[in-house]
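The structure appears below as C-alpha cells.
Throughout, protein chains are lettered first and strands after them, A, B, ... in sequence-line order, and every chain is numbered starting at 1. Fair warning: this is a prediction, and the values are worked out from it, not measured in the lab.
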Protein chains: 2
Amino acid sequence: MTGQVRTVDGRVAGRRGQATRQKLLDCLSEMLSSSPYRDVKVIDVARKAGTSPATFYQYFPDVEGAVLEIAEEMAKEGAGLTGLVAGRSWVGKSGWQAAEELVDGFLGFWRKHDAILRVVDLGAAEGDKRFYKIRMKILNAVTSSLTDSVKELQSKGKLDKDVNPAAIAGSLVAMLAAVASHQKGFQSWGVKQAELKPNLALLVHLGITGKKPTK
Amino acid sequence: MTGQVRTVDGRVAGRRGQATRQKLLDCLSEMLSSSPYRDVKVIDVARKAGTSPATFYQYFPDVEGAVLEIAEEMAKEGAGLTGLVAGRSWVGKSGWQAAEELVDGFLGFWRKHDAILRVVDLGAAEGDKRFYKIRMKILNAVTSSLTDSVKELQSKGKLDKDVNPAAIAGSLVAMLAAVASHQKGFQSWGVKQAELKPNLALLVHLGITGKKPTK
DNA sequence: TCGGTAAGCTGACGGCATGACAGGACAAGT
DNA sequence: ACTTGTCCTGTCATGCCGTCAGCTTACCGA
C-alpha cells in the first residue's frame, strides 16, 4: 500500500534520492513561510537545497506538486486532531474544558503549519480538488467528531431538533481556521492573543450546546 | 483629494487611457475567476484585453498592483455592508431577523467577489500590509458595528461582562467569511446551501446575545 | 489649417524561469 | 576492474518578464 517513492520518470528512489527529495521539500516549506506563494520559484528552492532545478523536476512535476506533497504530510499529522473532541462530554464544567482545549489545540496546529495551510486554503477556494480533499481531511478530523457530539446532545433532547449538526460543526471549525489564519488581524481591533481564546471557546460552547458554559 | 489616474511613468491618463486601464482590470478580474492566482500571467491578461504586455506595465507595476486596484474598488462597495448591522435591535424577533439578514448579505457579497477576495485573503495571511488593510476595511464595516451591538447589550446587563465584544464580533465575522469562501466544502458533509444560512444565523445570534433566538 | 505637445501603444530586446534530455558521476555487488 | 542501476547536472529550446525607444493618435491654441 505504501507505494515506494518514485521519480517523475518512474524510477524508484533510493536512500540518497529520498534524502534530496526531502531536502527539497524542507526548503520549499521554508520558502513558503518567507515569501509570497506566487513568487516561489523552482530555481530558488533548488539553490537553497544546494542542487539544480533539473533535480527538482526529477522528483516533482512542478511547485504545486511539491506543495501537495507537503500538505499531504501535514494532513496525516492533522488526523490527530480528532483526539481533541472524540469522546468528550459537553455538559457542565467538562464542557467548558472541552471547548477550551479544542480551541487551543486547533489554533496551535494552524499556527504551526500556517504557511502551507494558507496555500491549501487558496487551492481549495480556487476549486482544486486535490487541495480541497486535503483540507477536508484535516477539518473532517474535528468536524465529524463535533457533529457526533451535537447529534448526541440533540437525541437527548438538550438541543433543538431543527439545527443541522453538520452545518453547526462545520461553521465552528471554519471559524477556528479563519481566526487562526488571521490572528494578527485581531490585534488591530485591540484584541490580544490571550483574550481571543476564551472568547472563541465561548462561541464554540454556545454553538455546540446552545447554552452558556459553567466555568 | 481624488488624485487623477496616473500611469506608472507619471503621465495623467486621459479618457482613452482610462478605458484601456479599466479593460485590463476587467480582464484580470475575469482571469482570476477562471484560473489559479499563481498562473495568471501579464501576457494572458493583455491578450484578453486585445493589447500588449507593455501597455499593461504602463498602468500597473505588476499583477499584484493591478489586483490591489480591483480589491480597493471592491472595498468601497464593501463599506455598504455596515448597513446590515448598524442601528439594528438584537432583542426578540427582530434579533433573529437581524442575524438572518446579516448572514444573507454577507454571504452574498462574498460570493459575488469570491475570486478577488481569496487573493486578498492570501495576501493578508502572508503578511502583506496593503492586502491586510483592504481586508480590514471590509470586515471592519461589519465588525465594528457588531462590536457596538455587543457592547450595548453588555451595558444593559443582558450579557456577561467578561466577554470581549471585539473578539466575539471579529470571530463571528471571520466565520462568515470563511464559510462563504468554502461553501462548496459543506456539500461534502451533506449540508445544502439553504440549510447553511439559518444555522449560521443561529450561531451569530447565539454569539451576539448569548441566547437562543425567538423566531 | 497647421504645427506643437502630450497621451497612448507596441516591437524588440536582454534576462530569467521552465521543463526535457542525454550523459557523466557515484555506490554496491560480483 | 566491470556491471548495473541510481542520482545529478550541463545544456538547450521555449516562453514570460519588464523596459525602452520610437511610432501613432488625439487634443489644442494660434
Side-chain angles (χ1 to χ4, degrees), chain A residues 2-32 34-70 119 123 128, chain B residues 2-28 30-32 34-69 119 123 128:
Chain A
T2 71
Q4 299 151 304
V5 179
R6 286 185 177 273
T7 59
V8 166
D9 55 334
R11 276 206 310 279
V12 295
R15 198 171 353 165
R16 191 152 69 109
Q18 292 199 25
T20 325
R21 200 183 122 101
Q22 192 55 50
K23 185 161 198 175
L24 284 167
L25 287 178
D26 292 344
C27 290
L28 172 55
S29 208
E30 218 172 306
M31 300 227 68
L32 285 175
S34 58
S35 42
Y37 179 46
R38 201 170 196 281
D39 299 340
V40 171
K41 307 288 177 196
V42 168
I43 198 169
D44 296 323
V45 178
R47 251 201 291 266
K48 202 178 180 81
T51 177
S52 77
T55 302
F56 181 96
Y57 287 107
Q58 195 150 45
Y59 295 107
F60 311 103
D62 49 24
V63 172
E64 210 186 55
V67 166
L68 274 167
E69 203 76 15
I70 299 177
V119 179
D128 186 310
Chain B
T2 71
Q4 299 151 303
V5 179
R6 287 186 174 274
T7 57
V8 167
D9 55 336
R11 279 205 305 276
V12 295
R15 202 172 350 179
R16 189 152 72 110
Q18 291 198 27
T20 319
R21 201 183 120 100
Q22 193 54 52
K23 185 160 199 176
L24 283 167
L25 287 178
D26 292 345
C27 290
L28 172 55
E30 217 173 306
M31 298 227 68
L32 285 175
S34 59
S35 43
Y37 180 46
R38 201 171 195 281
D39 298 341
V40 171
K41 309 287 179 195
V42 168
I43 199 171
D44 296 322
V45 177
R47 252 200 292 265
K48 201 179 182 80
T51 179
S52 77
T55 301
F56 182 95
Y57 285 107
Q58 196 151 46
Y59 295 106
F60 311 104
D62 49 24
V63 172
E64 209 186 54
V67 166
L68 274 166
E69 204 76 16
V119 178
D128 186 310

- [ ] Nearest whole angstrom, please: distance from the P of D:dT19 to the OH of B:Tyr59.
- [x] 16 Å
Open item on the list: Less than 4.0 angstrom between a side-chain N/O of B:Thr55 and OP1 or OP2 of C:dT10, yes or no?
Closed with: yes
Task: pair A:Leu32-A:Leu28: side-chain heavy atoms closer than 4.5 Å - done: yes
TODO: For A:Phe56 and C:dT18, give me the distance from atom CZ to atom P, rounded to whole Å.
DONE: 9 Å
Open item on the list: Using a 4.0 Å heavy-atom cut-off, does B:Arg15 contact any base of the nucleic acid, only the sugar-phosphate backbone, or nothing at all?
Closed with: sugar-phosphate
Task: Rounded interatomic separation in angstrom, taking CD from A:Gln58 and C1' from C:dC26 - done: 14 Å
Open item on the list: C:dC9, OP1 or OP2 - any side-chain N/O from B:Tyr57 closer than 4.0 Å?
Closed with: no
Open item on the list: Just so I know, are the side chains of A:Arg38 and B:Val63 near enough to count as touching, which here means a heavy-atom distance under 4.5 Å?
Closed with: yes
TODO: Compare side-chain N and O positions of A:Thr20 against OP1 and OP2 of D:dC8 and report whether any pair is under 4.0 Å apart.
DONE: yes
Open item on the list: Which heavy atom of A:Ser52 sits nearest to which heavy atom of A:Ala46, and what is that distance?
Closed with: C-CB, 3.5 Å
- [ ] Could you tell me the separation between the CZ atom of B:Arg38 and the C1' atom of D:dC17, rounded to a whole number of Å?
- [x] 15 Å
Open item on the list: Can a donor-acceptor pair be found, under 3.5 Å and without considering hydrogens, that links the side chain of B:Ser35 to the backbone of B:Asp39?
Closed with: no
Task: Any side-chain heavy-atom pair of B:Tyr59 and B:Gln22 under 4.5 Å - done: no
TODO: Measure from CD on B:Gln22 to P on C:dG8 and round the result to the nearest Å.
DONE: 14 Å
Open item on the list: Any base atoms under 4.0 Å from A:Thr7, or only sugar-phosphate, or nothing? Heavy atoms, all strands.
Closed with: nothing
Task: Min side-chain heavy-atom separation B:Val42-B:Phe60 under 4.5 Å - done: no
Task: Nucleic acid contacts - residues 39-54 of chain B versus DNA chain C, non-hydrogen atoms under 4.0 Å - done: B:Thr51, B:Ser52, B:Ala54
Task: Cationic N near anionic O, under 4.0 Å, B:Arg47 to B:Asp44 - done: yes
Task: B:Arg11 CZ - D:dA21 C1' separation (whole Å) - done: 13 Å
Open item on the list: From CZ of A:Phe60 over to P of D:dC8, roughly how many Å is that when rounded to an integer?
Closed with: 12 Å
Task: Length of the line joining A:Arg16:CZ and C:dA28:C1', which is rounded to integer Å - done: 12 Å
